[in-house]
Amino acid sequence: MKNDNKPKAKEVMWLFTIGCILGFILETLWYFVKNGIWINKQGLLYGPFKPIYGTGLVLIVFLMYNFKNKNIFCKFGLGVILGSLFEYFCSLFQEFALGTSTWNYSTFKYNISGRIYLPYSIAWGLITLVCTQYLYPCFKKLYLKIPAELSKILTIILTVFMSFNIIITTLATYRYSDRATNKDTNSYVFKTIDKLYPDAYMQDKFPKMQILEKQ
């Protein structure tokens with residue numbers, strides 16, 4: 001990459017959103033190929049977004065830029081390591097902060113604590129190569145064609161929407177977990193969350209999510 005292609009902070013929300021959408025598509029198609037049925041794989045309440053992939057794309061682009069001149073085998077290996085560590089700590093955070101779990105590989109061979117799984121770690125390496133070699137350069141070319149003022153306005157709108165989406169999803173998930181253990185609340189905010197996002201709604205949005213005992 002030329003120096004002009006160095007990732008910029010103003011690109012973060014765009015990369016995050018693109019990663020979220022691509023992750024949603026990838027997981028939805030992969031689940032259909034494996035199981036022959038369509039299932040809702042979104043990770044946020046509103047829109048086809050999987051935030052783990054959005055965050056993963058941002059980390060890959062910014063961290064891997066320092067290794068842009070390395071060969072593909074080095075990039076692949078780093079992708080495997082970084083992706084696996086990221087997935088492991090995302091699983092820990094979801095379990096201990098929200099009391100829920102969206103994936104568990106403990107029934108498969110070659111897993112670590114059910115949080116990471118060798119074939120998917122390899123997939124992170126491949127994703128890293130695709131992102132650094134093709135996806136980000138293509139994104140950069142298109143992004144630079146957007147007029148600066150329009151780009152600024154769209155970025156603000158996107159940031160407000162995605163921030164709201166993440167916050168409301170976090171609150172709704174936290175209360176979903178609390179309700180499973182019959183924990184009541186006196187909070188006006190949480191009572192409103194309970195009315196807007198009852199268990200049936202959450203189960204429809206996140207059919208693979210499991211409630212765990214909060215630590």
Side-chain angles (χ1 to χ4, degrees), residues 12-13 16-32 34-59 83-108 111-117 120 123-124 157-215:
V12 168
M13 188 52 64
F16 175 76
T17 304
I18 291 171
C20 285
I21 294 172
L22 292 178
F24 170 80
I25 295 172
L26 178 65
E27 282 213 0
T28 300
L29 292 176
W30 179 242
Y31 192 90
F32 177 75
K34 286 198 308 176
N35 302 285
I37 59 174
W38 295 104
I39 190 173
N40 189 354
K41 298 292 288 184
Q42 68 189 88
L44 295 175
L45 285 171
Y46 300 104
F49 305 115
K50 291 286 288 188
I52 186 172
Y53 291 94
T55 307
L57 178 59
V58 171
L59 291 176
S84 298
L85 288 173
F86 173 64
E87 188 171 13
Y88 188 94
F89 285 107
C90 281
S91 176
L92 278 177
F93 173 81
Q94 184 179 1
E95 178 179 340
F96 289 100
L98 302 178
T100 62
S101 173
T102 308
W103 66 91
N104 189 328
Y105 309 128
S106 57
T107 58
F108 303 133
N111 77 86
I112 297 179
S113 302
R115 303 184 191 282
I116 56 177
Y117 174 46
Y120 291 165
W124 276 112
I157 294 172
L158 190 60
T159 300
V160 170
F161 169 71
M162 292 302 285
S163 296
F164 167 79
N165 207 357
I166 292 169
I167 291 170
I168 201 67
T169 299
T170 301
L171 293 175
T173 302
Y174 188 87
R175 277 301 298 159
Y176 181 40
S177 176
D178 271 357
R179 291 195 300 268
T181 55
N182 297 315
K183 291 184 179 179
D184 203 357
T185 179
N186 292 319
S187 167
Y188 173 79
V189 172
F190 281 145
K191 285 183 177 180
T192 303
I193 291 291
D194 289 346
K195 291 179 181 178
L196 294 176
Y197 309 105
D199 291 349
Y201 183 91
M202 296 296 288
Q203 289 161 7
D204 179 65
K205 285 290 184 179
F206 311 117
K208 300 295 290 183
M209 183 183 292
Q210 296 181 346
I211 304 298
L212 306 173
E213 183 178 350
K214 290 181 180 178
Q215 302 297 317

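Everything numeric in this text was worked out from a predicted model, so none of it was measured.
For I112, the CD1 atom counts as loosely surrounded, since its 6.0 Å shell holds 12 or fewer non-hydrogen atoms of other residues, nucleotides or ligands. At most 12 heavy atoms of other shown residues, nucleotides or ligands fall within 6.0 angstrom of atom CZ in F89.
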Task: side chain to side chain contact (heavy atoms under 4.5 Å, CB included) evaluation trace for F96 with L212 - done: CA-CA 9 Å; F96 289 100; L212 306 173; over 6 Å; no
Open item on the list: Pair Y46, I168 - check side chain to side chain contact (heavy atoms under 4.5 Å, CB included), show working.
Closed with: CA-CA 10 Å; Y46 300 104; I168 201 67; 4.2 Å; yes
- [ ] Go through the steps to decide whether T55 and F86 satisfy the test side chain to side chain contact (heavy atoms under 4.5 Å, CB included), and finish with yes or no.
- [x] CA-CA 9 Å; T55 307; F86 173 64; 3.6 Å; yes
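Taking 4.5 Å as the limit, every side-chain heavy atom of T169 sits out of range of all side-chain heavy atoms of K205. In this structure the side chain of P51 reaches within 4.5 angstrom of the side chain of F16, judged on heavy atoms. In this structure, the side chains of Y105 and E87 come closer than 4.5 Å at one or more pairs of heavy atoms. Proximity of F206 to L45: side-chain heavy atoms (C-beta onward) are separated by under 4.5 Å at one or more points. Between I18 and Y53, the closest side-chain pair of non-hydrogen atoms is not below 4.5 Å. At least one side-chain heavy atom of Y176 sits under 4.5 Å from a side-chain heavy atom of D199.
Formation of a donor-acceptor pair under 3.5 Å by the T17 side chain with backbone atoms of M13 is found in this model. Not one N or O on the side chain of N35 forms a donor-acceptor pair closer than 3.5 Å with the backbone of I37.
Between T102 and the options K41, Q94, K208, Q210, a side-chain hydrogen bond (donor to acceptor under 3.5 Å, both in side chains) holds for only Q94.
In this structure, I39 and T28 approach most closely via the heavy-atom pair O-CG2, 4.2 Å.
Shown here are the ring-ring contact (aromatic ring centres under 6.0 Å, His included) partners of F108, two or more places apart in sequence or in another chain: Y117. Taking F32 as the reference, W38 meet the ring-ring contact (aromatic ring centres under 6.0 Å, His included) condition, with sequence neighbours excluded.
The existence of a salt bridge linking K191 and D194 is excluded, since no basic side-chain nitrogen approaches an acidic carboxylate oxygen closer than 4.0 Å.
Rounding to the nearest 0.5 Å places CE of M202 at 9.5 Å from OH of Y197.
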